[in-house]
Amino acid sequence: ARENVRSLAMGGHVGFESLPDQLVNRSIQQGFCFNILCVGETGIGKSTLIDTLFNTNFEDHESSHFYPHVKLKAQTYELQESNVRLKLTIVNTVGFGDQINKEESMNMVIIDAQFEAIALALPTYHDSLCTYHSHFLYSPLPQKDAGPLKMKSVNVIPVIAKADAISKSELHKFKIKLMSELVSNGVQIYQFPTDDETIAKINASMNGHLPFAVVGSMDEVKVGNKMVKARQYPWGVVQVENENHCDFVKLREMLICTNMEDLREQTHTRHYELYRRCKLEEMGLTDVGPENKPLSLQETYEAKRHEFYGELQRKEEEMKQMFVQRVKEKEAILKEAERELQAKFEHLKRVHQEERMKLEEKRRLLEEEIIAFSKKKATSEIYQNQTFMASGSNLRKDKDRKKAPGYRFELLCFDVRACETTGGPKDAEEGREGPSTVGRP
Ligand code: GTP
Ligand code: MG
């Protein structure tokens, strides 16, 4: 296609030669963002290294070794060098490797979940780079150290911290061992780009130096006649910026001076794109259809929406049916209870009726008894009167007699109030107050 493009010589000044200047101006005005995720055990030297790298004091407090979980802590700083502003965000893994059960530290999923939380909180988070500190004193087990590095959404630069505490020959062996472990665990390490001629050579040679063994220190020590950043020991001075002592300068050169823009671009074009695709795929949105035909996002979205709407309607229908079913069940239960209550009521009514009839019968018997008794009483009264009159004529004859024997008659009245409860006539027992004795001498 290139052959079909015509090359034209221009007759005079047009002005698009200022395009690079426009870019520079805009960048200077907007400033830059850069994020670093520091993964490494507590106290391994992360903060010191970051301070040394940016030649400043970020005042990151030491963290405790007693956190039950690994957390991500992000801090943002505004830096300025000549007229270029840099918004630097440092994310630290707090509590990494401190738990007895190191599984969480190894588990990239957890880191990934928090990474995502931070990604949502910080829109620019995805301009990220992951430096990884592996302390040679803890022989890094493949699973243990490789875990968090499996994060696919960052550029990984492995770093060996506190390199002043290892001998040169040991360091060489350790670098080889660490790299082979990372590779065998499928960790993709960021490669400094070699497509730009001006930096291809240096980048290619630096790729061969990974992982960088670094020393961090903000202390200034006098070496010769100038002050340098170094760590002073009884046997000598380890100079941070001396390439014979450690790889700090290489790291700074590669990270800040030469490849910072490529790291940012890689994050945007590769990692963020991958992350975005994964996220969209998780939501069921894909770029290609079943026969590998490209799909427009609008179509996929519409299809998804349609599907979702259908699902929603199906669920609604299901809910409705379930509701009707529940109502039916409840109704049946209530009907059954009503039937039972009705049966109980009928039974009680019957019992009550029988009881009432029994009492009526009792009352009838009692009334008969009363009548019989009244008759007897009347007879006995007649008889008594006759006897009384007869005895009146004999009274004078028996004057001397001390006392005439009297007739005694007792009338026992029955309490028939019980009949009242069954609804019997009241007048039957009116004026009768329990058993009483009516006597005559
Ligand atoms: P936390 O934030 O608490 O997890 O620790 P960190 O990883 O930020 O470590 P920090 O930079 O606070 O350093 C911890 C200790 O290690 C300090 O006493 C530092 O002086 C020391 N230290 C840092 N870098 C080096 C180094 O390169 N070599 C040696 N020998 N010691 C170092
Ligand atoms: Mg720290």
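Both counts, for ligands and for their atoms, begin at 1 and track the order of listing.
- Among all protein heavy atoms, the one lying closest to atom 24 (N) of ligand 1 is G216 O, 3.6 Å.
- T42 lies apart from the Mg ion (ligand 2) in this respect, since none of its N, O or S atoms is found at a distance under 2.8 Å.
- By the 4.0 Å N-to-carboxylate-O rule, R350 lies too far from E354 to be salt-bridged with it.
- Sorted by first then second residue, the salt bridge (Lys or Arg N to Asp or Glu O under 4.0 Å) pairs that include residues 226-241, not counting sequence neighbours, are D164-R231, E241-R252.
- Residue contacts with ligand 1: A165 is excluded, as none of its non-hydrogen atoms falls under 4.0 Å.
- Atom 11 (O) of ligand 1 is approached by the protein to below 4.0 angstrom, counting heavy atoms only.
- By the 6.0 Å contact criterion, CZ on F308 is open, its count of non-hydrogen atoms from other residues, nucleotides or ligands being 12 or less.
- Among protein heavy atoms, the minimum distance from atom 25 (C) of ligand 1 is reached at R231 NH1, 3.4 Å.
- Using bins of under 30°, 30° to 60° and over 60° for the plane-to-plane angle, the ring pair W235/Y233 lands in the parallel bin.
- Between V215 and ligand 1, a contact under 3.5 Å exists for no N or O pair.
- Ranking the protein heavy atoms by distance from atom 9 (O) of ligand 1 puts G45 N, 3.0 Å first.
- Looking at Y233 against ligand 1, only its side chain comes within 4.0 Å, counting heavy atoms.
- Of the options T258, T194, N259, T198, a side chain to side chain donor-acceptor pair (under 3.5 Å) to N203 is made by N259 and by none of the others.
- Shortest contact from atom 2 (O) of ligand 1 to any protein heavy atom: S63 OG, 3.6 Å.
- What sits closest to atom 5 (O) of ligand 1 on the protein, heavy atoms only, is G43 N, 3.0 Å.
- In this model, a donor atom of one side chain and an acceptor atom of the other lie less than 3.5 Å apart for E346 and Q342.
- Within a 4.0 Å radius of atom 29 (C) of ligand 1, the protein has at least one heavy atom.
- The N/O atoms of A163, backbone and side chain alike, include none that comes under 3.5 Å of an N/O atom in ligand 1.
- The minimum heavy-atom distance linking P158 with M179 is given by the pair CG-SD, 4.4 Å.
- Ranking the protein heavy atoms by distance from atom 6 (P) of ligand 1 puts K46 N, 3.5 Å first.
- Taking every heavy atom of T42 and a limit of under 4.0 angstrom, the matching atoms of ligand 1 come to 3 (O), 4 (O).
- Looking at atom 26 (C) of ligand 1, its nearest protein heavy atom turns out to be K162 CG, 3.4 Å.
- Nearest protein heavy-atom neighbour of atom 23 (C) of ligand 1: T48 OG1, 3.4 Å.
- A search for salt bridge (Lys or Arg N to Asp or Glu O under 4.0 Å) contacts involving E307 returns K304, not counting sequence neighbours.
- A donor-acceptor pair shorter than 3.5 Å cannot be found between the side chains of N207 and Y190.
- Every atom of ligand 1 with a heavy atom of S47 under 4.0 Å away is listed here by number and element: 2 (O), 6 (P), 8 (O), 11 (O).
- For F34 and F32, the ring centers are positioned 6.0 Å apart or more.
- Residue L49 has no N or O atom closer than 3.5 Å to an N or O atom of ligand 1.
- Counting heavy atoms of neighbouring residues, nucleotides and ligands inside a 6.0 Å radius, atom CD of E311 exceeds 12 of them.
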